Amino acid sequence: MEVAVRVFVFLFGLAWGSFLNVVIYRVPEGISLLKPRSFCPVCGNPIKWYDNIPVLSYILLRGRCRYCGATIPIRYPLVELWTGLTFLLLWANFSPHVPELLRGLIFTSLLIVLAGIDATKMLLPDIFTLPGILTGVLFSLFLRPGIKSSLLGAALGYGSLWLFYKLFLLATGKEGMGFGDFKMFAMVGAFLGVENLIPVLLISSLTGVLVGLPMMIIKKKRDLALPFGVFMALASWLIYVFKIDLIEVSLRLMP
Ligand SMILES: [Zn+2]
């Protein structure tokens, strides 16, 4: 029975991921989420239901549009699988606690959508980050990390990246990141609390360097702009769904 429930949770996650793909593509383009029905952005043909099954259709179509052969971005199955995995982990770690599950659904959906839009458009739209900050604070009224830590997390999240941006600008004359990054970090602080700001920053900078350096070498570009929101989303996701407590881990590792 437990296995059947997990399979259902995973499938539901894949379907939700399919919806998040629609949000990632349509919101920055200003297209309504409700209509028209899904279409190929290259040839405009509507996508039939049997070509719209999460992950499976991508494999059966070998990543190409049935009509014009245009490549379907790998982002589609990746977002679906990421969301499916997220649902499994949320279920394993937080059920049957309904408020925590609800917050998990909202927070991880925001992270996945922001990562997807930043990866494709180098944008972190206010329409997600600002309500995200508010939602994170509201949930913290009755859930961990508590309202004080949440408010401090939002304020210091915004302030710390803003300060970094100003110092970087003074030192190099370049803009290292944008205002969307500050607001997203404020949202992460509101959900995870002030104590998780440094762990998120550490993990996202580290993964950013690990991905960015090889890309800079391959593309032979010194000032390659990386979507920092993608790495911030991954780091926050890891800490949230696995309930990682970096401070506790480092204390335990000390002799
Ligand atoms: Zn097409």
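Here the structure is a predicted model, which means the values were calculated and not measured. Atoms within a ligand are numbered from 1 in the order they appear, just like the ligands themselves.
Side-chain rings of Phe19 and Trp16 approach one another, their centers coming within less than 6.0 Å. A ring-centre distance under 6.0 Å is not found for Tyr58 and Tyr76. Residues Tyr240 and Phe191 place their aromatic rings such that the two centres sit no closer than 6.0 Å.
Using a cut-off of 4.0 Å between Lys/Arg side-chain N and Asp/Glu carboxylate O, Arg26 and Glu29 are scored as not salt-bridged.
Note on Leu78: it does not cluster hydrophobically with Trp237, by side-chain heavy-atom contacts below 4.5 Å among ILVMFWY residues.
Within the protein, the number of N/O/S atoms found under 2.8 Å from the Zn ion (ligand 1) is 4.
Within 6.0 Å of CZ on Phe39 lie more than 12 heavy atoms contributed by other residues, nucleotides or ligands.
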